[in-house]
> 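Provided herewith is a single structure, encoded as structure tokens, for subsequent inquiry.
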Amino acid sequence: MKLLLLFIASIIVNNFILSNFLGICPFIGVSKRLDSAVPMGLAVTFVMTMTAVITWIINHLILIKLNMPYLQYVAFILVIATLVQFVEMFLKKFVPGLYRAFGIYLPLITTNCAILGLALLEALKNYNFMESIVFGVGSGLGYTLSMAIMAGIREQMELSNIPKPFQGPAITLITAGILALAFMGFSGMISL
Amino acid sequence: MSSKKPAIYHFLKGFWEENPVFVQILGTCPTLAVTATAVNGIGMGLATTFVLILSCVVVSIIKNLIPNEVRIGVYTVIIAAFVTLADLFLKAYFPDLSKSLGPFVPLIVVNCIIFGRIEAFSAKNNAWLSFLDALGNGLGFTITLIIMGSIRELLGKGTWFGIPVLLSFYKPMLVMILPTGAFFTYGTLMAISNALKQKS
């Protein structure tokens, strides 16, 4: 039951983009069209889940055991960079269809702060192994959800007449603000 | 790239012409997340400037020793080392600030400003120019964060650096210190900066 609550909370209540401000760069850069936003979101979900598992193992079985948590940042970022590389090679070899669908988005994920943010939050909140996995999947799906909503809105916005200074990222930010206002309605629904 | 321009240009461009937040649109996550108060803005900006200067100078000194294929990995380790330094320093001397910045200090590791400046500038220029470039961009980032933090703190809490400045009949707009306010302030400021640039 607690896991289910955590799952729902990380999708909508503590949405990574709209309430934690993690992963904003791709959110503004790649949310122009629905058919690129959704694969990006799914690629993030995939890497997030893998990261949640591997960083939990490294953090609890190596860094904390050896009493050197100050190496967390260096270790986490190296794990993420390596992981993304491995996932890319694995998909290229065994699931070429998925590899083509993810395309350029996979290598871009290394510098997405949502991934490192996930690893850090997981260490900060001291989740156990199952909770970490659920947190990873939920956060990824939440990310995909807000990417998809944003892309849908931006596709519509292309047809409208926007004042010149607001064109480009400025109007995207304002729209994100309104979306965040809508998501604020969920806050307090589940408190963990 | 612009090696013929005077050295001072590399310092000044970060403030307005190539402001990392409004023009290059880098480092958006910390910009939105930590600017609920002006103090947080300063702390985050200075921490980022510190990491930016040291990483840029180190990279520009050892750039000929780094093999091209593994450069991203090397940069990452250098940045992560300096971020750990900054984080431990803040935790030791400014525990309150460190707590309110939360995971955003370690997240400087993946701040695109640092990667962007290293890739675009330090990997091609000498240590002195890299230092100026990093200092300019870092201070430009800090000033932008202070401006955003001040606006949000004034409207959202009626205070500035924790001191109440607006008269007591002013009712603070809570929404400004919530995520929504961050997006609105950033979007509006970006539009203003666009409008000023289009005029000139």
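The chains referred to below are lettered A, B, ... by the order of the sequence lines, with proteins before strands, and numbering in each begins at 1.
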> Below 4.5 Å from any heavy atom of chain B, which atoms of A/Leu120 appear? Answer side chain, backbone, both or neither.
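Looking at A/Leu120, just its side chain touches chain B.
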> Is there a path of hydrophobic side-chain contacts, each under 4.5 Å between heavy atoms of I/L/V/M/F/W/Y residues, joining A/Met89 to A/Val95?
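No, separate clusters.
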> What part of A/Leu78 gets closer than 4.5 Å to chain B, counting heavy atoms only: side chain, backbone, both or neither?
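Side chain only.
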> Checking A/Gln167 against chain B: side chain, backbone, both or neither under 4.5 Å from a heavy atom?
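Contact with chain B is through the backbone of A/Gln167 alone.
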> Side-chain heavy atoms under 4.5 angstrom apart, residues restricted to Ile, Leu, Val, Met, Phe, Trp, Tyr: same cluster for A/Ile57 and A/Phe46?
yes
> Report the distance from atom OG1 of B/Thr84 to atom CG of A/Leu71, rounding to the nearest 0.5 Å.
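Interatomic distance, B/Thr84 OG1 to A/Leu71 CG, rounded to 0.5 Å: 7.5 Å.
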> At a heavy-atom separation under 4.5 Å, does A/Ile115 approach chain B through its side chain, its backbone, both, or neither?
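Contact with chain B is absent: no heavy atom of A/Ile115 under 4.5 Å.
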> Side-chain heavy atoms under 4.5 angstrom apart, residues restricted to Ile, Leu, Val, Met, Phe, Trp, Tyr: same cluster for A/Val79 and A/Phe90?
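Shared cluster, yes.
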> What pairs of donor and acceptor atoms, side-chain ones from residues 104-115 of chain B against any protein atom, are under 3.5 angstrom apart with sequence neighbours left out?
{"residue": "B/Asn111", "atom": "OD1", "partner": "B/Ile113", "partner atom": "N", "Å": "2.9"}

> What part of A/Ala176 is in contact with chain B, defined as an atom under 4.5 angstrom from a non-hydrogen atom: side chain, backbone, both or neither?
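When you check distances to chain B, atoms from both the backbone and side chain of A/Ala176 fall under 4.5 Å.
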> Non-hydrogen atoms of chain A under 4.5 Å away: do they reach the side chain of B/Ala195, the backbone, both or neither?
both
> In terms of heavy-atom pairs under 4.5 Å with chain B, which of A/Phe166, A/Tyr70, A/Phe27, A/Phe183 leads?
A/Phe166
> Are A/Val53 and A/Phe86 joined in one hydrophobic group, where the rule is that I, L, V, M, F, W and Y side chains link up if heavy atoms are under 4.5 Å apart?
no
> More than 12 foreign heavy atoms under 6.0 Å from NZ of A/Lys32: is that the case here?
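For A/Lys32, atom NZ is not crowded (no more than 12 foreign heavy atoms under 6.0 Å).
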> Side chain from CB out, backbone as N, CA, C, O: work out which of these in A/Leu121 comes under 4.5 Å of a heavy atom of chain B, or both, or neither.
side chain
> Determine whether more than 12 heavy atoms belonging to other residues, nucleotides or ligands lie under 6.0 Å from atom NZ of A/Lys92.
no
> Checking an interface table here. Which of residues 178-190 of chain B come within a heavy-atom distance under 4.5 Å of chain A?
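Answer by number: B/Leu178, B/Pro179, B/Thr180, B/Ala182, B/Phe183, B/Phe184, B/Tyr186, B/Gly187, B/Thr188, B/Met190.
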> Against chain B, work out which of A/Pro169, A/Gly117, A/Gly23, A/Pro163 has the most heavy-atom pairs shorter than 4.5 Å and name it.
A/Pro169
> Counting only non-hydrogen atoms closer than 4.5 Å, does A/Leu18 touch chain B with its backbone (N, CA, C, O), its side chain (CB onward), both, or neither?
both
> Among the clusters formed by ILVMFWY side chains lying less than 4.5 Å apart, do B/Phe89 and B/Leu101 turn up in the same one?
yes
> Who wins among B/Leu26, B/Leu196, B/Asp87, B/Ile79 for the most heavy-atom pairs under 4.5 Å with chain A?
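The candidate making the most pairs under 4.5 Å is B/Asp87.
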> Under 6.0 Å from the CZ atom of B/Phe94, do we count more than 12 heavy atoms belonging to anything else shown?
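No, CZ of B/Phe94 has 12 or fewer neighbouring heavy atoms, counting only those of other groups under 6.0 Å.
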> Please output the side-chain donor-acceptor pairs of residues 28-45 of chain B that fall under 3.5 Å, not counting sequence neighbours, one pair per line with the distance.
{"residue": "B/Thr31", "atom": "OG1", "partner": "B/Gly27", "partner atom": "O", "Å": "2.6"}
{"residue": "B/Thr35", "atom": "OG1", "partner": "B/Thr31", "partner atom": "O", "Å": "2.8"}
{"residue": "B/Thr35", "atom": "OG1", "partner": "B/Arg152", "partner atom": "NH1", "Å": "2.8"}
{"residue": "B/Thr37", "atom": "OG1", "partner": "B/Asn40", "partner atom": "N", "Å": "3.4"}
{"residue": "B/Asn40", "atom": "OD1", "partner": "B/Ser100", "partner atom": "OG", "Å": "3.0"}

> What pairs with B/Ala123 under side-chain contact (heavy atoms from CB on, under 4.5 Å), at least two apart in sequence or on another chain?
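Residues passing side-chain contact (heavy atoms from CB on, under 4.5 Å) with B/Ala123: B/Tyr75.
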> Roughly how far, to the nearest 0.5 Å, is the CZ atom of A/Phe76 from the OG1 atom of B/Thr76?
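Taking OG1 in B/Thr76 and CZ in A/Phe76, the distance rounds to 15.5 Å.
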